[in-house]
Amino acid sequence: MGKQEYIGSYIEHFDEALGGGIPSGHIVLIYGAAGTMKSTFCFNVLYNEVLQGKKGVYVSIEQSSLSLLKQMVKMGYDISKVNIEVLNEANDVIRGLSRLKDDEPRKLTIVDFGTIRKQLQPKGQKQKFGFSGDMVESILSMIQTLKRKNLCDIVVLDSLTAVYSLTELKEPRSEIFYLFEFLRDLGLTSFVISEESEENTRYSRFGIESYLVDGILHIMLTDRNRKVTREIQIRKMRATDCNNDVFTLEWDARTKKFKALYGGKNPLV
Ligand SMILES: Nc1ncnc2c1ncn2[C@@H]1O[C@H](COP(=O)(O)OP(=O)(O)O)[C@@H](O)[C@H]1O
Ligand SMILES: [Mg+2]
């Protein structure tokens with residue numbers, strides 16, 4: 001076996017806690033409530049890995065690419081340093097992304113599936129373009145094509161919760177298994193976002209996702225004396241000797257970097 005490659009977390013001090021980083025090829029669940037910066041965390045990893053020579057794909061199902069990019073520009077990312085390609089046309093899905101060049105450097109592709117979805121399924125009318133298979137199939141086929149064109153090493157799926165809204169799972173256990181195996185077989189490192197809510201207080205909706213993924217990062221919003229802080233914890237990371245302590249997760253607006261602080265200790269208040 002070759003030397004284990006790692007994907008960075010791009011959170012200061014957190015790769016040590018991860019035992020080196022996120023092992024390449026892992027499927028990692030990013031679990032947290034709205035506003036915990038799950039999307040930002042994933043974009044941060046993609047952006048920085050793309051600068052290091054990897055190809056990144058961000059699949060956004062509910063947030064438009066415009067809203068996502070606005071947020072990232074507001075955070076201070078210089079998006080002119082990477083080649084951003086937005087896929088928001090149903091025609092892109094149907095024609096198999098033939099207009100994309102293969103193997104472009106510093107490529108960060110955003111699949112705006114919210115916009116594509118509206119074109120695929122106009123009101124009251126199903127499958128206008130005669131696209132066979134369901135919405136999830138078209139997302140997977142785009143990922144597969146991007147991989148074939150050497151435009152995808154790391155994929156972010158934002159979110160699994162939204163995937164569940166696209167399709168009625170008849171046999172969740174085998175369908176979710178298929179979804180994860182599909183990503184694994186392509187050899188991708190995958191970040192799968194899962195929304196924490198009143199109804200979904202476990203790491204997963206069907207109770208099996210957490211067994212099927214290789215890693216789970218939980219991001220929390222915590223109230224302490226009326227101050228709200230973000231916290232991050234590695235709940236699971238296969239093949240690493242990781243530290244399961246809770247860390248304070250801070251965004252440093254000056255350096256434009258995430259920091260993990262006070263692991264296992266009470267933060268100073
Ligand atoms: N400098 C900043 N600029 C913009 N938003 C910020 C900044 N720092 C923290 N945030 C917060 O980030 C949150 C949005 O992050 P996002 O990654 O979209 O969260 P999630 O995907 O978990 O819902 C907002 O609640 C916003 O207040
Ligand atoms: Mg989000």
Side-chain angles (χ1 to χ4, degrees), residues 7-12 14 22 27-50 56-79 81-82 84 86 88 108-117 139 154-166 190-205 209 213 215-224 226-235 246-261 267:
I7 300 297
S9 64
Y10 298 94
I11 300 175
E12 246 176 71
F14 202 57
I22 294 150
I27 297 172
V28 181
L29 203 67
I30 310 298
Y31 178 75
T36 47
M37 297 177 93
K38 299 178 298 299
S39 298
T40 309
F41 163 81
C42 291
F43 185 89
N44 185 55
V45 171
L46 265 198
Y47 176 88
N48 284 293
E49 283 291 330
V50 165
V57 174
Y58 195 109
V59 180
S60 183
I61 299 176
E62 284 171 343
Q63 186 175 14
S64 72
S65 51
L66 189 65
S67 155
L68 181 74
L69 287 171
K70 260 193 194 160
Q71 158 81 2
M72 299 315 154
V73 168
K74 176 113 196 303
M75 301 287 297
Y77 290 96
D78 181 355
I79 57 168
K81 284 191 182 158
V82 293
I84 298 225
V86 174
N88 57 8
L108 200 169
T109 308
I110 300 179
V111 177
D112 183 338
F113 201 77
T115 304
I116 293 175
R117 176 187 181 182
I139 294 176
I154 307 171
V155 67
V156 173
L157 187 59
D158 188 357
S159 64
L160 189 62
T161 321
V163 166
Y164 294 157
S165 77
L166 291 176
S190 311
F191 293 87
V192 178
I193 294 177
S194 174
E195 310 255 340
E196 182 176 0
S197 63
E198 309 275 310
E199 307 87 65
N200 187 23
T201 52
R202 289 180 300 169
Y203 295 109
S204 51
R205 170 142 132 220
E209 293 91 329
V213 295
I216 302 175
L217 298 179
H218 188 189
I219 313 182
M220 297 152 271
L221 277 172
T222 307
D223 293 15
R224 200 174 273 115
R226 309 182 88 183
K227 289 278 278 180
V228 178
T229 49
R230 289 187 179 81
E231 294 181 321
I232 188 163
Q233 185 190 22
I234 306 159
R235 298 291 305 201
V246 174
F247 290 77
T248 298
L249 178 66
E250 269 184 19
W251 172 258
D252 185 332
R254 193 180 54 81
T255 59
K256 314 224 181 318
K257 283 193 174 121
F258 279 113
K259 279 183 189 166
L261 304 162

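Remember, it's 1-based here, ligands and their atoms both numbered in the order they're listed. Note that the coordinates shown come from a computational prediction; the quantities given were computed from them, not determined experimentally. Position 1 is the first residue of the sequence, and the numbers go up from there.
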Please list the nearest protein heavy atom to atom 21 (O) of ligand 1 with its residue and the distance rounded to 0.1 Å. Ser39 OG, 2.8 Å

Exactly one of Ile193, Thr40, Ile232 clears side chain to side chain contact (heavy atoms under 4.5 Å, CB included) with Ile219, and that residue is Ile232

Could an N or O of ligand 1 be found under 3.5 Å from any N or O of Met37, whether backbone or side chain? yes

Starting from atom 6 (C) of ligand 1, find the nearest protein heavy-atom neighbour and note its residue, name and distance. Met75 SD, 3.5 Å

Around atom 14 (C) of ligand 1, find the nearest protein heavy atom and jot down its residue, atom name and distance. Gln71 NE2, 3.5 Å

Side-chain donor or acceptor of Thr115 paired with backbone N/O of Asn88 under 3.5 Å: no

How about Lys70: does its NZ atom have over 12 heavy atoms from other parts shown lying under 6.0 Å from it? no

How far is atom 27 (O) of ligand 1 from its nearest protein heavy atom, and which residue and atom is that? Arg230 NH2, 4.4 Å

Any heavy-atom pair between the side chains of Pro267 and Thr229 that's under 4.5 Å? no

Under 2.8 Å from the Mg ion (ligand 2), is there an N/O/S atom belonging to Thr40? no

Quick check on the 6.0 Å ring-centre criterion: do Tyr77 and Phe43 meet it? yes

Where's the contact between Gln63 and ligand 1, heavy-atom distance under 4.0 Å: side chain, backbone, both or neither? neither

Which protein heavy atom lies closest to atom 23 (O) of ligand 1, and at what distance to 0.1 Å? Gly35 N, 2.9 Å

Could you tell me whether the side chain of Tyr31 reaches within less than 4.5 Å of the side chain of Val213, counting heavy atoms only? no

Could I get the full list of side chain to side chain donor-acceptor pair (under 3.5 Å) partners for Ser67, not counting sequence neighbours? Gln63

For atom 17 (O) of ligand 1, the closest protein heavy atom turns out to be Thr40 OG1, 2.6 Å

